[in-house]
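Below: one structure, written as structure tokens.
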Amino acid sequence: MTDSRTTVVVITHNRRRELLRTLDRLAELPENPPVIVTDNGSTDGTADAVARHHPRVRLLRPGRNLGAVGRNLAVRQAGTPYIAFCDDDSWWAPGSLAGAGDLLDRHPALGSVTARIVVEPDGTDDPIVEELRDSPVPGPAWLPGPALASFLAAATVLRADAFRTAGGFHPRLWLGGEEELLAADLAADGWWLTYAGHLTVHHQPSRARDATLRRTHGIRNTLWFTWLRRPVGPALRRTVGLARTVPRDTASLRAFAEAAAALPWVLRERRVLPHEVESRLRLLEPSQRGSKARRYTG
């Protein structure tokens with residue numbers, strides 16, 4: 001079942017044990033995909049361990065922590081038409097990469113396919129699965145699943161050329177909801193995004209994470225995206241809505257402060273989305289207010 005259509009891209013930082021487990025799982029896949037790992041300046045021996053235990057993996061060592069931009073670096077090295085992103089604490093289920101490739105082969109206007117996320121070790125669906133499955137975004141009749149306005153990098157296969165044309169992940173967003181801006185730009189380029197519940201990614205959340213910092217970045221990045229791409233009215237409404245609903249703590253205050261401090265470059269780079277893409281985002285606003293998923297809370 002070897003499948004040469006898809007390269008798996010993984011970014012990592014100081015999670016040697018989790019990454020080696022992920023690479024072990026990827027090495028067992030029947031698709032036998034090429035794998036590229038960007039080590040974002042780990043200091044725990046991650047890069048040496050990958051080179052020793054997984055010599056077939058292409059290892060990139062930029063020498064510093066690039067955040068999500070580490071994925072951009074890896075995609076530049078990939079020679080396959082499709083890219084499957086994967087976190088260092090997640091892995092694709094057997095057959096799912098081939099299934100995503102089949103969907104992308106079959107539908108030339110499809111830009112990305114997001115899989116069902118199963119949280120380990122309990123084997124339960126991630127809370128976001130319900131929101132992906134019940135997405136209110138309208139799509140064309142040919143779309144093989146629910147239309148999405150965004151995606152989750154750890155569970156998505158994308159067209160490499162579409163990713164490169166859209167510019168990849170923005171260097172300022174780092175990590176935490178960084179997909180939203182790229183997804184909107186893919187949609188503005190004419191690509192459709194879909195959810196495919198018959199495909200699966202397993203996620204066993206690492207304990208080596210700073211949840212508070214990730215939440216700060218998630219809120220900040222939501223604000224940046226809002227003012228980079230949305231019209232003034234919806235941007236104001238989204239900003240006020242966030243201010244009313246995020247926890248009233250230091251992390252949220254820092255997020256709003258960082259977002260405000262970036263106003264000069266945000267205004268320089270501001271490019272409002274086409275009306276048809278903006279209309280899809282407006283349909284999401286009611287569900288965002290009651291969302292249990294981490295993408296809306298960081």
Side-chain angles (χ1 to χ4, degrees), residues 5-9 68-69 71-72 74-76 78-86 92 96-117 128 131-171 173 177-199 201 221-222 224-226 228-231 234 269-284 287-288 295:
R5 293 174 293 179
T6 305
T7 297
V8 180
V9 165
V69 173
R71 299 186 188 115
N72 298 356
V75 173
R76 292 190 201 117
T80 57
Y82 308 139
I83 302 295
F85 290 122
C86 186
W92 287 84
S96 289
L97 293 179
D102 291 343
L103 291 177
L104 291 164
D105 281 353
R106 197 174 303 134
H107 304 287
L110 185 60
S112 75
V113 178
T114 296
R116 169 176 169 251
I117 303 170
I128 202 170
E131 297 182 25
L132 296 171
R133 186 181 61 239
D134 299 334
S135 170
V137 177
W142 59 260
L143 203 64
L148 302 178
S150 190
F151 64 89
L152 292 95
T156 297
V157 179
L158 299 95
R159 293 185 188 274
D161 287 345
F163 177 90
R164 296 184 185 110
T165 300
F169 292 101
H170 195 290
L173 270 58
E178 71 278 3
E179 304 99 332
E180 194 169 19
L181 178 60
L182 174 58
D185 288 345
L186 287 169
D189 287 342
W191 297 105
W192 285 93
L193 290 62
T194 196
Y195 169 68
H198 66 290
L199 311 178
V201 165
N221 289 346
T222 295
W224 280 351
F225 161 71
T226 298
L228 281 166
R229 292 292 182 268
R230 304 198 63 185
E269 296 188 20
R270 179 172 165 79
R271 186 175 74 248
V272 175
L273 292 167
H275 174 74
E276 61 271 19
V277 178
E278 168 60 25
S279 64
R280 298 173 207 164
L281 297 180
R282 294 189 188 188
L283 287 173
L284 282 176
S287 60
Q288 286 174 332
R295 75 170 301 96

Set of side chain to side chain donor-acceptor pair (under 3.5 Å) partners for [X], sequence neighbours left out:
X: Arg159; answer: none
X: Tyr195; answer: none
X: Ser279; answer: none

### Query
Are Arg76 and Arg71 close enough, and set up right, to give a side-chain contact (heavy atoms from CB on, under 4.5 Å), and what steps lead you there?
CA-CA 9 Å; Arg76 292 190 201 117; Arg71 299 186 188 115; over 6 Å; no
Results of salt bridge (Lys or Arg N to Asp or Glu O under 4.0 Å) for [X] - residues two or more places apart only:
X: Asp189; result: none
X: Arg280; result: none
X: Arg133; result: none
X: Arg164; result: Asp161

### Query
Partners of Phe169 by ring pair (Phe, Tyr, Trp, His ring centres under 6.0 Å), sequence neighbours excluded?
Phe85, Phe163
### Query
In chain order, what residues pass the ring pair (Phe, Tyr, Trp, His ring centres under 6.0 Å) check against His198, with sequence neighbours excluded?
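For His198 there are no ring pair (Phe, Tyr, Trp, His ring centres under 6.0 Å) partners, ignoring immediate neighbours.
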### Message
We want to know whether Thr156 and Ser112 form a side-chain donor-acceptor pair, criterion being a heavy-atom distance below 3.5 angstrom.
### Response
no
Listed by chain and number, what are the side chain to side chain contact (heavy atoms under 4.5 Å, CB included) partners of [X], not counting sequence neighbours?
X: Pro138; result: Leu283
X: Pro108; result: none
X: Ala155; result: Thr114, Ile117, Val201

